[in-house]
Each structure stands twice: as structure tokens, then as C-alpha cells.
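Chain letters run A, B, ... following the sequence lines, proteins first and then strands; every chain starts at 1. Here the structure is a predicted model, which means the values were calculated and not measured.
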Amino acid sequence: MASKYPEYKQLNLPHFTKEVMEKWENDDTFKQSISIREGAKPYVFFEGPPSANGLPGIHHVMGRAIKDIFCRYKTLKGYQVNRKAGWDTHGLPVELGVEKELGITKEDIGKKITVEEYNIACRKAVMRYTDVWNNLTKQMGYWVDMSDPYVTYENKYIESVWWLLKQLHNQNMLYKGYTIQPYSPKAGTGLSTHELNQPGTYRDVKDTTIVAQFKISTASRERFEKLATEGTVEPNAFLLAWTTTPWTLPSNTALTVGPKIDYVLVNTRNKYTDEAQTVVMAEALMAKHLPVKKGVEFEVIGKCKGTDLLELTYEQLLPWATPMEDTDKAFRVIPGAFVTTEDGTGIVHTAPTFGADDALVARDAGVPPMLVDDGQGNGVPLVDLQGRFIENVGPVGGKYVKNEYYVDVAAPDKSVDVEIAIMLKEQGLAFNVEKYEHSYPHCWRTDKPILYYPLDSWFVKATAAKERMTALNNTINWKPESTGTGRFGNWLENVNDWNLSRSRFWGIPIPIWRTEDGTESICIGSVEELKTACEASVAAGLMETNPLADFTPTDMSEENYNTFDLHKPYADKIVLVSSNGEPMVREADLIDVLFDSGSMPYAQWHYPFENKEKIDNNEAFPADFIAEGVDQTRGWFYTLHAIGTMCFDSVAYKNVVSNGLVLDKNGQKMSKRLGNAVDPFKTLEKYGPDATRWYMITNAQPWDNLKFDEDGITEVQRKFFGTLYNTYNFFALYANIDNFSFNEELIPLQDRPELDQWIWSRLHSLIANVDDAYAHFEPTRAGRLIQEFTVDELSNWYVRLSRRRFWKGDYNADKISAYQTLYTCLETIAILSSPIAPFFTDKLFGDLNSITKRSTLDSVHLVDFPASDSAIIQEDLEERMSIAQKVSSMVLSLRKKERIRVRQPLQKIMVPILDTTFEDRLKKVEALILSELNVKELEYLHDTGVLVKQIKPNFKALGPRFGKQMKLVAAAVSAMTQEQIAELEQQGKASIDLEGFPTDILLTDVEISSQDIPGWLVASEGGISVALDITISESLREEGIAREMVNRIQNLRKDSGLEVTDRISLRIKRNEAVENAVQNNFEYICQETLAGKLELVDMMENGHAIEVDESVSTEISIETMN
RNA sequence: AGUCCUGUAGCUCAGUUGGUUAGAGCGCUACACUGAUAAUGUAGAGGUCAGCAGUUCAAAUCUGCUCAGGACUACCA
């Protein structure tokens, strides 16, 4: 006996998954899918490295499904797609995890635990969940090479990163500067955003706030007076600015205004000195500062915009220090977009050394920060790292800026803030002083208020590459486009220099060594270079031994690269020697981990020390495709792009898909805290990866957020996979009976029945559309198209209408055509769907191929993507099948209304024919319609005047022509009589009346459809009408009864457990109602039920009572015949 | 605060270059069908296309504003 297509009792996706997973493992199918394309054009994919110190979530299934889909698709399209896995191993989350685990804080590192021990713990912790991750990768069917991943903490990787940094250094793109960062003077450390976001950091405190008066300088006086159009400026004129941190006033170097904000010049009196003065503030805030209710007297003497105030200069408020550079550019009014009229005066006191915004606007305007010479030529701010004013800053020198910082010594009665307030009041430079409650961040460890303080950092001069980054970005294909042009494009437009420095322990050290005075520095770009530099240092007596003594340059073996460690603390122990013999020590910071991951295109290959050709010859760079969450826009997407642009003058990727978030079914973000996080392993186990992936991909576009609802997976499982599986099972059932194994020649297209030609046509349209969707990175469209085809066209139309062809008759050309057609559809669907649902489709493909051996390859993932043959696509055919579907749907609806079941044959339907094209089309599908509807004949009703027609204006044609008269035209057209419509049809044009003006309209200006056939049961839809003859003659009635009986007999066969092919002997109890029906349809009944013998009997024992309808019932019995 | 995304039926989503009855699936109700049967068909109920204004003969679609949800970035003088 020939082998059979496997048939299944039920659809169990997780079970199939296991089977396929084992097969992949045994055959190493993934490796094959790459090796089979050896020599083919490469398709370059970059894997964004996950951090293995956290557990994967359901959103990782989403992100990785997208990556997997396109890699599999491109493999099917004939490309070789290498996929190297990677791990992101450095960074704050790792360190915080380790700190928590060891029960220590950042301060304890180097004290309670050595840096060395700490880093060993990090190295261990970071790879803790690799097994879990690898398992997820396997369970969800994500194909990526996990055997040789790149790991960012490995020396080779670090060496490549150093090399990249050196390229930037050589281009003068690395510099040391400062940024304003949250800083805790008591802890002596900068605070990360993460630390600032700890609960309890922001607390309400009452601070002394001052609205200070900055006197307009003599030089600007004349210009200022011109703004006072409605009065005279007093001798004392001031700009008002509010501050909650008076201790920063000595560091003021500018005032910032909003260019578009309205300001007023007001004459009033100083509250503390009662002197007459002119002050400037935002008009919107006047009521707040000059409350009329309280009897404050004032007079508005002029109004202006912020732009009018720009470049006015003022006298320094507290002249206790002078900026060491560009003094002449200080104490000016500058513009700032961040200025609002919600608080303060609309004029912002700007101290570039103690405010992040301040530093930015000041830099843009060329205003110097208040940095003074420390005696060695270095600029330092007025406040030191302990939070204390340096000496010689007027009366506040040596004092802490906040009383909270005094620990050993008692705090003075008056804080610096209060002292300054009093001083300003006395000098008539305070407009108002009051206590104000606001929320201010505190150090979560020391409980003391934090300072915003300028801290040294290393920067990449990204601003210098702005133009080039933008230009290159314009060549990248973003999905969705808006992320690229909008979010990413705007980010590039406003790009800031990239702060590389991180004051942590576990990461890649900055490879820069400097002399103490900073006059000489060296950036190390390779281990070899470092080794040579160490040798020089040892020779100069600065180090005793060379820590890289065991390293052999040019030896790329793992052993050689394991003879040292580039991390802290080892890197810090290296002291190099400068050109004049001075020691150079390493800059203390580590680099931003985002630089690690942005370096992966090169570092994953240890470029340029190994695999140089991969990058230089564009074999593995730039990527053709990457995908990651939209949250990586300013993360990985940016760092890849920045490094690619700056080091290689190239894009790092050509196509990028940024996917949205996975939310819970209520649209809430998933979190462990809320307990609404979905366990990916449980989901995959319960529903299988195919249904899970299919659901995620087809439910929403990848870039839209996905509301993850398990019911959706159930639906997909039933709807798509259930239908596909049913269709396969149906095929297998009959193909096994007929031993169909695709041995026959493919029946020529034109010899196949209409229905087969139609589904072939649809299939090839599908191939073209799905190919297009995948090619444009739209997996959602691809999946939906496949699903619609499978469910609506293949299953619910093709198979439904073809059922009889499979079970009736001999193994003839018609039957073979049906098998070939259905087989091809199933096989094609398997291939088209395989990128999204890799397991089930492989099973399906394998089951089909196991009998036919049409493909020599034994996995769907190794074959070629089918080609769409435009010769097979017949639009006219698709059009007429659509007519058949419409007619069928209408007639079924009529039957329903009249309560005539489909099994009751009817005599005829009539369809009005409006044009010959329609008639031709209808004729070709007549047989299909009749059999589907169980009707004997179809009459073509040519226009004889009996039809009632409906006319509708064609707005698209008429609109542009008639414009404003459109409404009139529409009304006139709708009002046309049957005679007028007939005239239009015959003459090709007709005249309508437009408020007395006759106007011609053409046939193309309207849509005419028949609506009614008087005296008949009629349905209309989309311009087609159908009339149904519902008279049931005696013979029709008998036939109907016969059909009902066949149905009952079939049920009985099935209930009795008979095989589809078993022949039976059939007996029916005679009675008046069934006698004629059986006699007159004798052959029919025998054929349908495979009855070799049929008797009408008077008496029956053990018969099964059956009811045909309300009035007809009898008994039947069957037994098997041999 | 800025940038970007989203808002269409109870739920999940379609809706081409603006064109006049806004669609599908699920769910619900009713009826039917039955050798694919944990399937299927037909019908019904269900919409202020988030809101307001504008452009236009015509707006779910284009423009502006507002509201709600989300993401990122920056900050809070």
C-alpha cells in the first residue's frame, strides 16, 4: 500500500511545534538555510543585543518575530542571511542589580568590596539569564546564530570600540567639557536620572526666593528709553528676574527672555527703599507682582516683545567675580525658547554654571559661564565640589551654599540665600523677597538637597556631523516613515554633543591617558598600542611591569586575548609616560553603554583587527535591515547612525522597522508591579509560537501599539490555522483514497475548469501582493492577505464548491485538476506564511511533500519564494467569479426570506442583462451558480422594458464639471423618469433641466442599475439584480424530498461508522409521501449514498425513523455490502 | 515644555488620489445548513468616524485649534 498523507484528529499547534523543533535540531535546518545560499547575495542584518541580566517579556517575542520574518523572507528570496546574536553586557541596570544583590551601594565599591570583585560579580550576573533567553529564542522560532555571539565585555569587542574612539579622537571629534548634572556634594557624586527618579527624592521645601533687579547699563539706556512710548523712564531702570536659588546670583552672566513674549515697562516704587524706578517684566505676570488690590501704585510706560529686549546689557548684580573668558560678552539679554510666563517675571536669571538650560542658551548666545582662574589656568565655578563658595567671593566666600551642608560646624544663623536677600534689599536691588514652597530634588542617600553642578565629561562632537547625519538619514527607509523624518529627523536637527562619560565601574574604560595638567593626552586605539605604550612607561620607571606582557600582537586566538582584562581596575593601574617623561593617568570615566551597542557592526567582527574585508568591502556593512522598539530611536538607532556617519561616512542601516509597545488588553503598560505582564513562555506553550506570532503580526501594524489579548490568539488559531488545517485534512482524506501524489503532468491552465482557473488566478495575485508587502516591510498586510485568501477564497468558496469533485466520480482529468489545484494552493500558502508561522507551515509543507516529493528540500524554509505568473492572473475571470458570488449571496438571501431551504431545487432564476460584457461573464459562471444555488436554469433577461431601473449620479465624473451646481444636478438625475433613463441608454445622452437651463448628460455621468422586476421576488446589490422563481412543481418537490433523504442516509452512514467508500444496501419504508420521490429519483439516491441495492419495503424492523419535513417522514435501514 | 504616534460598531481593526448607503472579523440575537462539522451560510441589532472651526459642489479622508491616550527627549528659573 502506498504511503498516505498524514491525517489528524485535531489541530494541536503546540504539539506540531515540538515535532518541528526536533526536526530542525536534527537536521540543523537553520544552518542549512544559510549554507544552501552560499555564494548568493548577502542580506545584512544586525541583531540589537538584549541585556541578559533581565528576563525576557512578551514584547521581545514581538520584536524578534519582526526580525525573524524578514530574515526568513529574504532567505526564501534567495539571499544569504547571516544572523549573529549578541549580548549587551555593560551598563547601569547590571550594576544596580549587582548592588542590590550584594546589599551594597555605590559608595561601598572600593571600600567594602574591591572594584575587581565587584566587576567579577557583574560579569557573572550579566550572563545569568542567557539560558532563559536562548530558550525563548528556540521556543518562539527566532533563527539567530547563538553559537558564536558577540559579547560587549570581551576584550576583542572592547578593542574595536577603542579603535572607533581613536578614529573620533583623530578627527578631533572627542573633547573634554562640562555639563550641568545633578550632584550631591555630601556624597561627592553625580546622580543619574535613575537615582533622581527614586521615590522620595523630590520633596517640598521652603526656600528664600528673590525677584532681583538687574540695572540697565548706561550703554543700553538710550535704546531702552525708546521702548517707553507712553512715559518717561526713571533714572533707575531694571530688568526683573526671579530665582529660587539666590546663591547662584553671584554666578549670573545673562538674562533670558522669550522672544515672542509680551513685556511691559512699568514705573513704580521700590518696596524696600521707596525709590522711584522703572522695571521690566512679562505683561502676563504684571498682576502677580503689582497687585492693584493692595494699593500698589504703578504706571505702564511702554510695551514690547522679547526680541526688543535682546542684547540690552545690564550691570552685574553682585560683582564679586569676573568670568575669566569673554567678559565683554557677559551680562546681556539673550533669547531662550524655554521661557514661560507661568512663574517668575518672564525674564530668567541665567547662571550657566548651575543650570542645564542656562548653560545651553548661554553657549548658543556666546555668553561665558562664571568660571574663574584656580591659579593654574583652569576655570572653576564659584562653588566647589563640597558645595562651598571658594574664597574671595565677596562676603560669602568659604560659606556653604545651603545650610544643610554644614555638618561638623554649626550652620550660621543666616544662610547664604538670606544674606544675599538682605544685601539686595539694602541696595535697592530686590524687587521682592519671599519664602516659597516648591519641590526640589534631594540625594536619596544623604537626604541633603542636590546641586546642579558642572561636571567634567568627555563628549563626541556630534553637532559637527549634524548636516551629514541628516543627509544620510534621508536615504534610510524608515518604517513607519514618520519616525525617521519626524522623531529621528528632528532629533538630528537639534542634536547635542554626545556625553560619553559615565562615573561607574562596569563598562568600557575611556582609553585616554592625560598628564596631570592636561597639556598632553593620548588616546589608545588597540591593545598592541597600549602594550607598546606600557613598555615605554616601564622603561621610564613609571610602572614596574607591563600588564600586557603576555599579549602577542597579531595573534587573534582567544587564549591570547584572555591574558589580560581591559576593564577597571586594571586599566586604571596603567600609567603611561608623556613625551617629556611625566606620568599620564587614565581619565576616570567609563563610556556610555550606548556607544558599546552602536559599535556592534564593527566590533562584532573585531574590526579592523580581524574580518577587515567584511566592513571594507561592504560584505557585512551597512545593514540592509534592522528592527527594534521605537524607544530605541534616540538610543541604538541613533548611536548606530552617529558612529556610522562619523567613522565611516556611511549609513549603518538601509531599512529600519521600529515597532511599538506591547500593552495589556486594556491598553495599560505591562509591568511586574501591576501584575499584568504576560509570561512569554506560558503563552508560547499554550498557543504555540505560530498562533502567537500570527496574532501579533496581523492584529496591528508593528509600529502601532499592540493591545495584547489572549482571546485574539484563540481567534487566530481557530480562524486561520483551523481553516488551513481543515482544508489540508479535507485534501488528505480524499487524496489518500485516490492515491493522488502529483504524478500526472500539470493540466494546462486552459483545460482546467473555470473554478480552478479562478483560484489559480487569485493565488498568483496573492503571491504578487504578499511579495510586495514583505518587500516593503509590511508583514501585517502580508499576513492579512494570506488569511483572507485561505479563509474566504480557498476554503469558503473554492473548496466548498469543489467538494463533490473530490468525492464523486472516477479519477479523471477534472478530479486531477482539483487535486493539483488544491495541493498547489496549500503548498503556496505554506511558503508564503512560513516567515510568520515557521513551525506549522513547515509541518504542512513536509506532510504534502512527503508523498509527492515535488521538492528535494525537506523544509519550507529552504525553498524559493514562489514567482507570480502574470499570465495566470485573469482579471476578467476574477470579475465574473465576483459576479457569481454576488448572485449566490442574493439568491441565498431570497431563499432565506421565503424559508425555502437550499436542498429544495427550484426551477429558475432570472438576471437582467444591461450590457453584453456582463452577459458574457455571467454565462461563464452559470453552471457554478446553478449548482451552488440548487436551481435548474438561469434566464438572461434582456431589456424589454419590464425592468424598473435605478439611476445614480456619478459624482466623480460630474463634480468637476458642475461644481457648485452639483446638488441641482444630483437632484435632477435622481428625478429622471424611466422613459428618460431609457432614452439616455439608447441615445447615449439625455437632457436634464437645471433651473430652466437644459443640460446634456452622458451615459458615463451616471450609473444605471436594474432595481426591480415587477411581479417577481427580486434582490439587488452593487448594480446586479436577481429574480427567483419560487414555484415548486411536483417533480421539484419530489426531488427535494429525495435530497433530504440522501442527507439523512448520509448521516446514518456516518453515525454507523462506515467508511466514506463503503457500499451499502438500503431499505426505505414505503409510504405515500416518499413513494414517488424515491421511484423518480432512484438512480440519484443510489449514486449519492453508494447504495448497491435499494428497496422500498412495507414493514421494517430496527429501522431508523427520519423526518424529511413537517409533513413527510419514514423509516430507513442500511447495511454494508461487500 | 517640545517632537512623534494613536483616536472609526461592545472588542480588535480595514477604509486607495476627497465622490454621497463608512466596511470586515469577533461577540450578541434569530434562522438555516451538515460526508471539511470544535466548521459554515443568511439575516438582524450596533456609528455624532474624539470635539470644534475652516477649505470644497462634496471631508472619516485636506488644514488649524481643542480634548483624551501613548512614546521619547528636555526641564522645572
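- Protein atom CZ of A/Arg784 is 13 Å distant from nucleotide atom P of B/rU12, rounded to whole Å.
- The same atom, P, is picked in B/rG10 and in B/rU20; the two are 24 Å apart, to the nearest Å.
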Per-nt protein contacts along nucleotides 65-77 of chain B (heavy atom under 4.0 Å; B base, S backbone sugar-phosphate only, - none) come out as -----SBBS-SBB
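- Nucleotides B/rA36 and B/rG18 place their C1' atoms 45 Å apart, quoted to the nearest Å.
- Backbone-only contact: A/Arg718 has heavy atoms under 4.0 Å from sugar-phosphate atoms and none from a base.
- Using a 4.0 Å cut-off, no side-chain N or O of A/Lys707 falls inside it from OP1 or OP2 of B/rC11.
- Side chain to side chain, A/Trp478 and A/Thr485 fail the donor-acceptor criterion of an N or O pair below 3.5 Å.
- A straight line from CG of A/Leu801 to C1' of B/rA36 spans 14 Å, rounded to a whole angstrom.
- With P as the reference atom, B/rC62 and B/rU8 are 16 Å apart, rounded to whole Å.
- Note on A/Tyr734: only backbone sugar-phosphate atoms sit closer than 4.0 angstrom, heavy atoms only; bases stay farther off.
- Across B/rC4, B/rU6, B/rA36, the shortest atom-to-atom separation from the side chain of A/Ser482 is found for B/rC4.
- Pair assignment for B/rG47: none, as no Watson-Crick or G-U wobble contacts are both less than 3.5 Å.
- Nearest nucleotide to the side chain of A/Val799, out of B/rA36, B/rU20, B/rC26: B/rA36.
- Note on A/Arg784 versus A/Glu788: no salt bridge recorded, every NZ/NE/NH1/NH2 to OD/OE distance being 4.0 Å or above.
- Regarding A/Gln904, its CD atom lies at a distance of 12 Å from the P atom of B/rC33, rounded to whole Å.
- Applying the Watson-Crick and G-U wobble criteria (two distances, each under 3.5 Å), B/rU55 pairs with nothing in any strand.
- On a pure distance criterion of 3.5 Å, a polar donor-acceptor pair joins the side chain of A/Lys956 and the base of B/rU17.
- The separation of B/rA9 from B/rU48, taken at their C1' atoms, amounts to 13 Å, rounded to a whole angstrom.
- With P as the reference atom, B/rG44 and B/rA1 are 49 Å apart, rounded to whole Å.
- Under the Watson-Crick and G-U wobble criteria, each requiring two contacts below 3.5 Å, nucleotide B/rG7 is paired to B/rC67.
- Across the protein-nucleic acid pair, A/Phe955 atom CZ and B/rA59 atom P stand 11 Å apart, rounded to whole Å.
- Checked against B/rC5, B/rG19, B/rC26, the side chain of A/Asp704 finds its nearest nucleotide in B/rC5.
- Taking the P atom of each, B/rU63 and B/rU56 are spaced 16 Å apart, rounded to whole Å.
- The residue A/Ala700 sits close only to the backbone: its heavy atoms come under 4.0 Å of sugar-phosphate atoms, none of a base.
- Listed for the A/Thr245 side chain is no donor-acceptor partner under 3.5 Å among the backbone atoms of A/Thr243.
- For the pairing with A/Asp847, the side chain to side chain contact (heavy atoms under 4.5 Å, CB included) check across A/Tyr728, A/Phe731, A/Tyr5 returns one residue only, A/Tyr728.
- Among the protein residues, A/Ser795 comes within range of the nucleic acid bases, having at least one heavy atom under 4.0 Å from a base atom.
- Distance CG (A/Asn494) to C1' (B/rC4): 13 Å, rounded to an integer number of Å.
- The backbone N or O of A/Leu844 lies less than 3.5 Å from no partner atom in the side chain of A/Tyr725, so there is not a single donor-acceptor pair.
- No hydrogens or angles considered: nothing links the side chains of A/Thr723 and A/Thr790 as a donor-acceptor pair under 3.5 Å.
- B/rA39 and B/rA50 are spaced 34 Å apart, taking the P atom of each and rounding to whole Å.
- For B/rA71 and B/rG15, the P atoms lie 25 Å apart once the distance is rounded to whole Å.
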Evaluation steps, ring pair (Phe, Tyr, Trp, His ring centres under 6.0 Å), between A/Phe730 and A/Phe806:
CA-CA 9 Å; A/Phe730 173 84; A/Phe806 290 93; 5.2 Å; yes
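- Checking B/rU17 for Watson-Crick or G-U wobble geometry (two distances, each under 3.5 Å) identifies no partner in any strand.
- Rounded to a whole Å, the CG atom of A/Asn736 is 15 Å from the P atom of B/rA36.
- Annotation for A/Arg363: atom CZ does not count as buried by contact number, only 12 or fewer foreign heavy atoms lying within 6.0 Å.
- The partner of B/rU42 is B/rA30, by the rule that a Watson-Crick or G-U pair needs both atom distances under 3.5 Å.
- Under the Watson-Crick or G-U wobble criterion, with both distances below 3.5 Å, B/rA1 is paired with B/rU73.
- The residue among A/Thr727 and A/Tyr695 whose nearest nucleotide of RNA chain B is located toward the 5' end is A/Tyr695.
- Across the protein-nucleic acid pair, A/Glu778 atom CD and B/rU16 atom P stand 13 Å apart, rounded to whole Å.
- Contact annotation: A/Asn699 reaches the phosphate of B/rC13 (side-chain N/O to OP1 or OP2, under 4.0 Å).
- Across all strands shown, A/Gln701 has heavy atoms under 4.0 Å from sugar-phosphate atoms exclusively, and none from any base.
- Inspection of the A/His349 and A/Thr248 side chains reveals an N or O donor paired with an N or O acceptor under 3.5 Å.
- Taking atom CG on A/Asp711 and atom P on B/rC28, their separation rounds to 12 Å, with Å as the unit.
- With B/rU6, B/rC13, B/rA36 as the candidates, the nucleotide lying closest to the side chain of A/Asn726 is B/rA36.
- Screening A/Asn769, A/Thr698, A/Asp772 for a side-chain hydrogen bond (donor to acceptor under 3.5 Å, both in side chains) involving A/Arg781 leaves a single residue, A/Asp772.
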